[in-house]
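Below: one structure, written as structure tokens.
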Amino acid sequence: MKRNERNTESVSGRHEAPAIGKETYSSYEEQPRPEKRKAKKKSFNATPILLLLVILFGAIFGYSAYRLYGMMSEYHVSRKRYNAVADSAISTVAPAPTTVPFAAQPGQEIAATPEDVSPIQVDFDALLEKCPDIVGWIYCEDTVINYPMVRGNDNDYYLHRFIDGSYNGGGTLFMDFKNNRDFTDPNSIVYGHHMNDGSMFASLKKYQTDPEYYTKHPVLYLNTPTQNYRVDVFAGFVCDADSDTYTIGFASDLNYQAWLNRMASQSDFTTDVKVGPEDHVITLSTCSYEWYDARYVVLGKLVPIG
């Protein structure tokens with residue numbers, strides 16, 4: 001029996017796995033395998049950035065609107081103030097001549113006659129009481145150019161000041177401080193802003209951009225406390241702010257004539273106006289934007305009139 005028992009144990013050992021081994025194997029097979037964890041993607045929340053951009057662009061828009069409103073308000077105030085001065089200082093406005101004084105025959109200039117008068121009369125006594133720096137009044141028919149002119153102690157003071165010295169975005173038309181107040185220099189220079197609303201000297205650029213502008217506006221008028229002038233326009237062009245266009249005095253009549261010829265040769269339009277060493281001219285200057293520090297200038301001969 002012991003032998004059989006041993007055989008039985010032996011057979012049992014061959015055909016049956018040990019209980020502990022079997023249980024271990026079964027529980028390993030039945031246990032689910034753990035799934036691999038997927039790496040979590042970090043979510044990108046764009047809301048704060050979008051909000052920041054909205055605030056930023058809103059601030060930019062608000063500031064731009066504020067600046068535009070302020071600029072338009074300045075334009076309005078400037079026009080209103082100059083209109084008030086014109087209403088109080090100009091007592092008579094007569095019709096300007098309907099024909100060009102120097103265009104009767106091509107190349108033939110007609111001299112001013114005693115009957116030639118300025119279309120405006122200016123009360124300089126009243127103006128000088130308000131501003132001792134007043135030197136004249138310039139007028140161009142059917143344009144916005146209808147302004148007083150001053151001369152200060154430098155070329156900065158009236159850039160952003162009204163004739164009474166108070167702040168004004170459009171400034172005041174002013175003569176170069178190196179010029180004589182009575183326009184007796186060979187070349188008298190007057191500066192004015194190129195305002196975005198077309199005021200001050202902005203319309204001078206039309207001599208460049210509009211081919212018919214010169215034929216419609218060949219003359220301006222300059223009234224001063226001592227003498228009135230018809231300004232016969234003879235040139236208009238773009239130049240540098242430091243060009244010889246801004247020369248005031250000349251070493252000789254030959255130098256002056258050479259300068260006059262050079263100015264006329266650069267003009268954007270042609271005229272029949274003859275200018276010689278015996279003449280005085282006025283240069284009206286405003287900003288232009290073809291390049292940095294570009295200027296547009298319009299030059300005219302001063303013809304004394306009544």
Side-chain angles (χ1 to χ4, degrees), residues 74-93 118-140 143-195 197 199-204 220-231 241-242 245-249 280-287 295-302 304-305:
E74 284 187 3
Y75 291 162
H76 175 72
V77 170
S78 180
R79 288 195 301 268
K80 187 175 180 180
R81 297 182 77 178
Y82 277 117
N83 287 340
V85 172
D87 290 342
S88 63
I90 298 177
S91 56
T92 303
V93 178
S118 173
I120 62 172
Q121 295 179 6
V122 182
D123 186 354
F124 281 106
D125 291 336
L127 281 176
L128 288 168
E129 286 183 5
K130 296 179 181 179
C131 177
D133 289 338
I134 293 285
V135 295
W137 190 287
I138 191 164
Y139 171 79
C140 185
T143 75
V144 299
I145 297 180
N146 187 26
Y147 297 111
M149 298 188 299
V150 297
R151 195 202 70 171
N153 295 324
D154 54 45
N155 288 343
D156 296 322
Y157 183 80
Y158 283 104
L159 276 172
H160 299 291
R161 284 186 171 88
F162 195 59
I163 58 174
D164 62 3
S166 61
Y167 175 79
N168 183 53
T172 302
L173 303 184
F174 62 93
M175 174 188 276
D176 195 294
F177 78 102
K178 297 184 294 294
N179 274 124
N180 294 324
R181 292 173 56 92
D182 57 1
F183 295 88
T184 54
D185 288 308
N187 181 29
S188 297
I189 305 165
V190 177
Y191 305 96
H193 285 300
H194 183 163
M195 303 298 287
D197 67 343
S199 61
M200 305 308 285
F201 270 173
S203 60
L204 294 181
L220 295 87
Y221 292 90
L222 170 64
N223 288 28
T224 79
T226 58
Q227 177 66 57
N228 296 337
Y229 300 92
R230 190 185 70 221
V231 181
D242 60 353
T245 305
Y246 298 93
T247 304
I248 291 175
H280 302 280
V281 303
I282 185 172
T283 297
L284 309 178
S285 174
T286 194
C287 287
R295 299 291 186 269
Y296 194 78
V297 293
V298 172
L299 287 77
K301 179 172 75 170
L302 297 177
I305 59 175

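Heads up: numbering here begins at 1 and tracks the sequence. Source: prediction; values computed, not measured.
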Distance only, no hydrogens: is a donor on one side chain within 3.5 Å (strictly under) of an acceptor on the other, for [X] and [Y]?
| X | Y | answer |
| --- | --- | --- |
| S166 | R81 | yes |
| Y82 | T172 | yes |
| D133 | Y158 | yes |
| N187 | T283 | yes |

Do side-chain atoms of [X] reach the backbone of [Y] as a donor and acceptor pair under 3.5 angstrom?
| X | Y | result |
| --- | --- | --- |
| E129 | F124 | no |
| R151 | N179 | yes |
| H280 | L302 | no |
| T286 | G192 | yes |
| N168 | G171 | yes |
| N180 | D182 | no |

Taking the side chain as C-beta and beyond, is there a heavy-atom pair between [X] and [Y] under 4.5 Å?
| X | Y | result |
| --- | --- | --- |
| W137 | L127 | yes |
| D197 | R79 | yes |
| I134 | P148 | yes |
| I90 | N146 | yes |
| L220 | L284 | yes |
| Y139 | S118 | no |
| Y147 | S199 | yes |

Quick one: closest heavy-atom pair of [X] and [Y], and the distance?
| X | Y | answer |
| --- | --- | --- |
| M200 | G170 | CE-O, 3.6 Å |
| S88 | V85 | OG-O, 2.9 Å |
| C131 | V150 | SG-CG1, 4.0 Å |

Item to check | Parallel, tilted or perpendicular: ring planes of Y229 versus F183, cut at 30 and 60 degrees | outcome: tilted
Checklist entry - If you draw a 6.0 Å radius around CG in D87, do more than 12 non-hydrogen atoms from other residues or ligands fall strictly inside? => result yes
Can you tell me how far apart [atom1] ([X]) and [atom2] ([Y]) are? Round to the nearest 0.5 Å.
| X | Y | atom1 | atom2 | result |
| --- | --- | --- | --- | --- |
| M175 | D185 | CE | CG | 7.5 Å |
| M195 | S203 | CE | OG | 13.0 Å |
| I138 | L222 | CD1 | CG | 6.0 Å |
| S91 | I120 | OG | CD1 | 9.5 Å |
| L299 | S188 | CG | OG | 11.0 Å |
| D154 | K178 | CG | NZ | 10.5 Å |

Checklist entry - Of all residues at least two apart in sequence or in a different chain, which pass the side chain to side chain contact (heavy atoms under 4.5 Å, CB included) check with T226? => result T224
Item to check | Residue that, paired with F174, satisfies side chain to side chain contact (heavy atoms under 4.5 Å, CB included) out of D156, N155, I189 | outcome: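 Result for side chain to side chain contact (heavy atoms under 4.5 Å, CB included) with F174: N155.
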Next on the checklist: Check for me whether the distance between the ring centres of Y191 and F201 falls short of 6.0 Å.
Outcome noted: no
Next on the checklist: Applying side chain to side chain contact (heavy atoms under 4.5 Å, CB included) to H194 and Y296, what does each step give before you reach the verdict?
Outcome noted: CA-CA 10 Å; H194 183 163; Y296 194 78; over 6 Å; no
